[in-house]
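What follows is a single structure, written as structure tokens, with notes after it.
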There are 2 protein chains.
Amino acid sequence: MNKVKQREANNATAVDVTDLILHDIQTGVLAPGSWLKQIDLEQRYQCTRPEVRRALDRLAQRRLVEHVPNRGYHVFEPDGRQAAEVSEIRILLETGMADKIAANASTADVEALRELARRFDKLILEGTPIELYEANLAFHYRLLSLCGNSELVKLVTEIRQRTSSAPVSQWKTRARIEQSSREHHEMVNAIAAGETAALKDAISRHIRQD
Amino acid sequence: MNKVKQREANNATAVDVTDLILHDIQTGVLAPGSWLKQIDLEQRYQCTRPEVRRALDRLAQRRLVEHVPNRGYHVFEPDGRQAAEVSEIRILLETGMADKIAANASTADVEALRELARRFDKLILEGTPIELYEANLAFHYRLLSLCGNSELVKLVTEIRQRTSSAPVSQWKTRARIEQSSREHHEMVNAIAAGETAALKDAISRHIRQD
DNA sequence: TTAGCATAAATTGGCGCCAATTTTGGATCA
DNA sequence: TGATCCAAAATTGGCGCCAATTTATGCTAA
């Protein structure tokens, strides 16, 4: 019983510091290029020094922060070339799965996607940039999951984090967001119609201007 | 001067424990499924406890070892499905770059690749399985580097480690190795001739039976 | 006034101890 | 004889201290 209590307490606090820092990097709270001082993080997230260090090491492994020995860790700023390369990788992976996505999608899946796309639309007006960002993520996650390759889904999820470090807070222009919205529906329609070429094209454009 | 001495000493020992463990996993010294006790590793690699733990955490992040809380870490055994999924990802990435590889390859590059392929051939007879494995890696690394997308090269290098955990020591049959050899030359020839379709086909087959 | 330097403050990062948990081995009882 | 339970050994994992390095500050000298 005491044990159970502990488990529950642990599970409640089971949100790893790594995820918290990651989230703050992605929502732009921790700006690209800024130094992540261990003391600050320790206080901000109410955790111990070793926890902070483990989190920073993990994020450095994923290339979300950069480690300079004896200087510390700072939020990674991908240069233009790297960003372009990552986009290219994503295009390769996601368009490569277009056929399977279209093949595997049931009518229920299509409807679920349409719903997620609508949710994105709704949040353009009513939601915060962060909510919008998360709705976008949810849509793409659901979409890609249809390919049936769970390792690939994990991989893309991981990779996607590398490009979208900064942009969330000051997320591009209204025009672009609405363009994104249109492309979402374009993708859903392409899947519903089984037009894989159109799907590939939409995905490709979508990633490029992400 | 004292400083310089230290630097040198550090650089000499700059081979991270993570890489040592990784190497031993890939060469099959540390068998898939086996438990990695911190005390053993500490002694084996002559390093401290925190170093071991950092290394294990990193390898767990890369999904090369699996972590069971309060039980420890054990070498990851990919099941059939996961292995197939990873292969599919590699095929997507590497064949997707075939055009660029063929386009970017100078005659010098082609010659270098041919040399690496020959080196592989030579080691079939004269070398150890590990040398063979490394020659194979070198060939593929050089090949993929021609695509010009360094992020992708890093990614594939990382991904490749996930499949070839066990097989190195008892590496498939002689017939398969010789088949690999032929495919290497096939790829080189396809690049030299600019036949991207043939290149894609060869890469695809090669990965599938890797 | 500015450049250079030395000292002090702040920060990083290595290391070992100890508590918590799990596993093993053995003893007791049905 | 076998199963259950308890205790001891082994292992994991959290935490804090201190040394090493870097950065900031203020002082001195040209």
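All chains are named by letter (A, B, ...) in the order of the sequence lines, taking the proteins before the strands, and each is independently numbered beginning at 1.
Between the side chains of A:D57 and A:H67, no donor-acceptor pair is found at a separation under 3.5 Å.
The CD atom of A:E51 sits 14 Å away from the P atom of D:dG13 (whole-angstrom rounding). Computed from coordinates, the B:H74 NE2 to D:dT12 P distance equals 13 Å when rounded to whole Å. As a whole-Å value, the separation of B:D57 CG from D:dT12 P is 14 Å. The interatomic distance linking A:L36 (CG) with C:dG13 (C1') rounds to 16 Å, in whole Å. B:Q38 has its CD atom 16 Å from the P atom of C:dC17, to the nearest Å. Taking atom CG of residue B:D16 and atom P of nucleotide C:dG14, one finds them 10 Å apart after rounding to whole Å. Here the C1' atom of nucleotide D:dT11 and the CZ atom of B:R53 are 11 Å apart, to the nearest Å. Put simply, NZ on B:K37 is 13 Å from C1' on D:dA9, counting in whole angstrom units.
Contact between the side-chain N/O atoms of A:T48 and the OP1/OP2 oxygens of D:dC15 is found at a separation under 4.0 Å. In terms of phosphate contacts, A:R71 brings a side-chain nitrogen or oxygen within less than 4.0 Å of OP1 or OP2 of D:dT23. Taking only side-chain nitrogens and oxygens, B:H67 never comes nearer than 4.0 Å to OP1 or OP2 of D:dT12.
Crowding of B:R62 atom CZ: a count of heavy atoms from other residues, nucleotides or ligands under 6.0 Å exceeding 12.
With DNA chain D read from its 5' end, the first of the two nearest nucleotides for A:R49 and A:P69 is the one closest to A:R49.
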key: Audit row: A:R54, A:E51, salt bridge (charged side-chain N to carboxylate O under 4.0 Å, His left out) steps and yes/no   = CA-CA 5 Å; A:R54 188 160 55 100; A:E51 280 180 296; 5.2 Å; no

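Out of C:dC15, C:dT11, C:dG13, the shortest distance to the side chain of A:N70 is found at C:dG13.
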Please table the atom pairs, donor to acceptor, closer than 3.5 Å between any side-chain atom in residues 82-90 of chain A and protein atoms at least two apart or in another chain.
unit_1	atom_1	unit_2	atom_2	d
A:Q82	OE1	A:D79	N	3.3
A:E85	OE1	A:R81	NH1	3.4
A:E85	OE1	B:S150	N	3.2
A:E85	OE1	B:S150	OG	3.1
A:E85	OE1	B:E151	N	2.9
A:E85	OE2	A:R81	NH1	2.5
A:E85	OE2	B:S150	N	3.3
A:S87	OG	A:A83	O	3.2
A:E88	OE1	B:N149	ND2	3.0
A:E88	OE2	B:K100	NZ	2.5
A:R90	NE	A:E94	OE2	3.2
A:R90	NH1	A:D210	OD2	3.4
A:R90	NH2	A:E94	OE2	3.4

